[in-house]
Amino acid sequence: MTHPTRSRPALQHLARTVILYGLLVAFSALFLVPVLWMISASLQDQQGVFASPYAWIPASPRWDNYATVTTIFPFWRYLANTLLITLSVTAATLLSCSLVAYGFARLRFPGRDVLFALCLSTMMLPGQVTMIPLYVMFARLGWVDTFLPLIVPALFGTPFYIFLLRQFFLTIPQEYDEAALLDGASHLRIYWSIVMPLARPALATVALFTFVGAWNDFFGPLVYINSPQNATLTLGLNMLKAQITGTGLVEWQVLMAGALLVMLPNVAVFLLSQKHFVKGLAVGGLRG
Amino acid sequence: MSMRSPVGLASLLVCLHLQACTSGEPEAPAAVAIVYNCAANADEIRALEAEIPEFAARTGIRIILNPFTGQEKLYAMIAAGQAPDIFYTNTVIRDRFAAEGRLLDLREVARGDSFPERLLPGILQEGTSPDGGWYSLSNWSFTCGVYFDRKAFAEAGLRVPDSSWRWEDLRHMARSLTVDPDADGTPERYGIYIPAHFVEALELMNGAEIDRGALCARISDASAEVYQKYLALMDEKFMPDLRRMQALGMQPMQMLQTGRVAMLVEAVPHQGLFESVDVDLGIAPLPRFDGHTPRYFRSGSGGLSISSATKHPREAWQALKWIVGGASIYQPNPVLTDQDFVEGWEARYPRLLGSGFRSVWELSLRHPGGDPRFFVRFSSWTAPAILERLQPRLDQLWSRQISVAALRKALPEINQNVGRALRDALAQETLRPAFRAMIEQRLEEAEGGACD
């Protein structure tokens with residue numbers, strides 16, 4: 001029996017693969033270093049955070065830093081507030097953006113493309129420009145210090161997600177709609193029963209982006225929430241940072257523990273929806 | 001409508017949440033509610049929330065906390081006519097707000113009240129704007145000093161510094177305390193670290209004058225001399241390079257804690273330092289410069305103002321007095337003369353006994369030099385115009401990319417920018433006459449060459 005010898009092209013392929021994977025691993029490690037430092041710092045004591053040389057694995061891990069986070073500010077209350085806002089915003093965004101995207105992708109009406117361009121052009125407006133007028137409007141509605149200013153705007157669509165969903169909807173064959181119309185289905189029925197189930201990857205992408213955006217939102221709650229009991233986790237983290245005037249003591253180890261706790265749901269959501277997310281991005285981005 | 005339809009689902013979502021999202025835990029009505037924009041600090045909020053009910057029961061005034069930091073929200077609230085009754089103002093924004101009529105002149109509500117007599121004289125002065133109005137009340141005050149590691153001094157055979165030491169003594173001690181066993185130019189321990197924002201305190205000690213009414217950027221000979229001396233510390237490797245410090249990302253007190261410096265200039269008092277630095281700590285006043293009388297840094301660090309739109313000015317004043325003089329989180333309060341501030345802090349941190357803390361504090365009360373941040377670069381109308389051009393050059397100076405002479409040469413260009421800022425300020429119709437007259441006068445002086 002003869003041993004098969006590897007051909008030169010096969011060796012070259014192997015070498016290329018090794019180099020490629022090596023580079024990818026190196027870059028991944030580079031990006032992971034801050035996260036690893038964050039995890040390590042969250043288990044240090046006050047002195048250990050800036051010790052030199054730095055001990056990546058502390059001799060006596062301070063797990064109580066995590067417990068401290070939950071006692072410094074009303075962690076569970078803020079978690080509930082954040083969850084309520086995030087889930088509401090995600091549901092509202094999915095509903096409103098998909099409805100608008102369906103209109104732009106499937107319905108023919110005069111001025112549709114102009115409206116679509118107008119919709120996209122609102123992406124160019126920085127949030128700071130609209131902050132004061134929006135605040136004045138919500139103040140007049142009596143909504144300041146409630147969650148409404150954070151949730152209700154999501155019912156009016158987000159241009160980027162409308163664009164993303166429209167592109168995906170365009171990839172779904174029109175024949176499905178035509179068949180449904182012949183069977184007497186309305187556009188709402190087609191949207192809900194045909195297009196939405198087929199658009200799950202794109203919807204998962206939008207849901208993930210929205211969830212992460214709403215979960216991490218600091219500026220919105222900062223501006224619209226007044227009472228400490230209505231605050232969100234990001235505002236709570238900020239409370240760990242801000243200190244009594246002129247005396248500045250930042251407990252980085254507790255702050256890192258808090259940041260990790262706040263980050264966990266995001267990571268979980270990403271891992272759960274990763275498959276759909278990547279597919280949605282690829283399809284939404286390449287076709288249409 | 002079928003619940004399977006999207007419209008039905010949307011309606012259900014909205015209905016379900018409208019109630020939940022208003023999150024309106026009904027508040028018991030009280031006689032008067034005063035909104036206080038406190039710092040977004042968990043300890044502070046918890047402490048205030050514990051004591052507010054007692055204050056409300058005693059006075060009928062309910063203080064509602066609205067914790068946030070940053071000015072964006074404050075501007076939005078003011079625009080919506082919903083400014084907090086009491087909010088924080090710093091030296092940069094206070095005059096501007098006062099000039100626009102957004103702040104209550106505290107003299108109106110404090111008339112006949114003995115509370116101002118309890119305040120350090122400098123506190124009243126720091127809260128007063130160019131029109132003579134008293135628009136803010138500091139709820140904190142501090143000085144600065146040199147923290148040092150006693151053990152390092154003992155090992156080097158040095159006597160610890162006291163109020164008689166001079167800049168040259170500091171330099172000599174810094175040299176003796178610098179440890180560079182392998183002589184590679186990167187010492188294991190530097191003699192001293194002075195953060196760049198404390199250079200102004202040294203300028204003050206060297207006789208630089210504070211002109212709170214000036215609006216142009218100036219760098220006096222006294223300031224320039226201090227810049228040279230400060231740079232020399234880095235050149236001689238007695239002090240770590242500022243760029244290296246930025247790269248390390250460490251808080252200055254961690255340099256002292258980790259033994260990388262033997263002396264550190266920092267604020268006094270400094271809660272974080274007292275709580276987390278466990279070296280054998282001593283505190284000395286800033287060193288004096290030959291030929292100059294002592295003028296120690298003393299700052300009211302901004303203050304609390306009452307909105308002119310408040311519906312309850314008297315009650316807001318009551319609440320403000322309680323915050324400064326009653327709320328335990330701020331006590332003992334250094335702005336009040338009838339409390340032994342040092343004793344209170346020594347009781348809280350026994351390690352301060354015999355550390356030099358009392359001496360540093362009392363010297364700053366005996367020879368108050370004021371807040372050098374009132375150097376014109378922090379004026380209300382011209383601070384952005386000055387800082388956007390001066391600060392990058394100062395950064396270049398500290399990294400020795402430009403010389404002190406080059407920095408001073410840039411002043412005319414910076415002051416041209418100041419002139420534009422002043423003209424823009426005059427274009428505001430809301431400017432109160434006293435402030436308008438002051439700005440017009442300064443602009444006239446600047447155009448006459450006063451800033452050159």
Side-chain angles (χ1 to χ4, degrees), chain A residues 46-47 49-52 72-73 81 84-85 88 91-92 95-96 98-99 128 131-136 138-140 143-148 150-152 155 188-189 191-193 196 219 222-223 225-231 235-236 238-251, chain B residues 4-7 9-10 13-14 17-18 20-25 35 39-46 49 64-70 72-73 75-77 79-82 84 88 139-142 248-251 254 257-258 260 267 269-273 275-276 278 299 301-302 329-330:
Chain A
Q46 175 82 353
Q47 276 80 42
V49 176
F50 288 103
S52 178
I72 287 184
F73 62 86
N81 292 346
L84 177 63
I85 293 168
S88 305
L95 192 68
S96 61
S98 59
L99 268 172
Q128 288 81 354
M131 188 190 85
I132 289 183
L134 277 176
Y135 186 92
V136 172
F138 288 130
R140 287 185 183 155
W143 286 4
V144 170
D145 203 23
T146 72
F147 300 153
L148 293 174
L150 304 173
I151 297 170
V152 171
L155 286 167
L188 270 180
R189 169 62 63 195
Y191 156 78
W192 189 249
S193 303
M196 289 292 267
F219 198 64
L222 172 75
V223 170
I225 300 297
N226 290 341
S227 315
Q229 67 268 21
N230 287 346
L235 294 182
N238 188 50
M239 286 179 192
L240 294 179
K241 188 168 74 70
Q243 289 299 317
I244 299 169
T245 318
T247 58
L249 172 67
V250 180
E251 296 200 45
Chain B
R4 285 175 63 85
S5 82
V7 178
L9 188 65
L13 264 175
V14 173
H17 285 304
L18 273 176
C21 296
T22 49
S23 64
E25 287 177 7
V35 177
N41 172 270
D43 292 341
E44 197 169 340
I45 293 167
R46 204 168 28 232
E49 279 180 339
I64 298 171
L65 299 182
N66 184 351
F68 66 87
T69 42
E72 295 87 353
K73 176 164 179 169
Y75 288 135
M77 293 181 87
Q82 293 190 344
Y88 180 81
N139 64 340
W140 196 250
S141 174
F142 64 102
L248 278 172
M250 290 176 89
Q251 291 179 324
Q254 276 144 355
Q257 167 63 30
T258 53
R260 292 186 190 188
H270 193 301
Q271 186 188 3
L273 205 145
E275 287 182 0
S276 65
D278 58 9
S299 173
S301 184
I329 185 88
Y330 306 123

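Every heavy atom of this structure was used, including side-chain atoms; hydrogens, water molecules and symmetry mates were not. All chains are named by letter (A, B, ...) in the order of the sequence lines, taking the proteins before the strands, and each is independently numbered beginning at 1.
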Asker: What part of Glu72(B) is in contact with chain A, defined as an atom under 4.5 angstrom from a non-hydrogen atom: side chain, backbone, both or neither?
Answerer: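 Both backbone and side chain.
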Asker: How close do Leu65(B) and Pro228(A) get, counting heavy atoms only, and between which atoms?
Answerer: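 Taking Leu65(B) first and Pro228(A) second, the nearest heavy atoms are O-CD, 3.7 Å.
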Asker: Kindly write out the residues that satisfy salt bridge (charged side-chain N to carboxylate O under 4.0 Å, His left out) with Arg140(A), not counting sequence neighbours, or none if the list is empty.
Answerer: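 Here no residue qualifies.
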Asker: First locate atom CD of Gln82(B), then atom CG of Asn226(A), and finally report the distance between them rounded to the nearest 0.5 Å.
Answerer: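 Gln82(B) CD to Asn226(A) CG: 8.0 Å, rounded to 0.5 Å.
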Asker: Starting from the C-alpha separation in whole Å, work towards a yes-or-no answer on side-chain contact (heavy atoms from CB on, under 4.5 Å) for Tyr75(B) and Met131(A).
Answerer: CA-CA 10 Å; Tyr75(B) 288 135; Met131(A) 188 190 85; 5.7 Å; no
Asker: What are the two closest non-hydrogen atoms of Ala76(B) and Ile132(A), and how far apart are they?
Answerer: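 That closest heavy-atom pairing would be CA-CG1, 4.0 Å.
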Asker: Could you tell me which portion of Phe138(A) (side chain, backbone, both or neither) has an atom closer than 4.5 angstrom to a non-hydrogen atom of chain B?
Answerer: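 No part of Phe138(A) comes within 4.5 Å of chain B.
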Asker: For chain A, which candidate among Glu49(B), Lys73(B), Gln257(B) shows the most heavy-atom pairs at distances under 4.5 Å?
Answerer: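 The option with the most such pairs is Lys73(B).
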Asker: Non-hydrogen atoms of chain B under 4.5 Å away: do they reach the side chain of Val144(A), the backbone, both or neither?
Answerer: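 For Val144(A), the contact with chain B is made by the side chain alone.
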Asker: Please classify the contact of Leu134(A) with chain B as side chain, backbone, both or neither, using a heavy-atom distance under 4.5 Å.
Answerer: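 Contact with chain B: none, neither part.
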Asker: Going from OG on Ser227(A) to CG on Asn66(B), what distance comes out if it is rounded to the nearest 0.5 angstrom?
Answerer: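 Here the interatomic distance stands at 7.5 Å.
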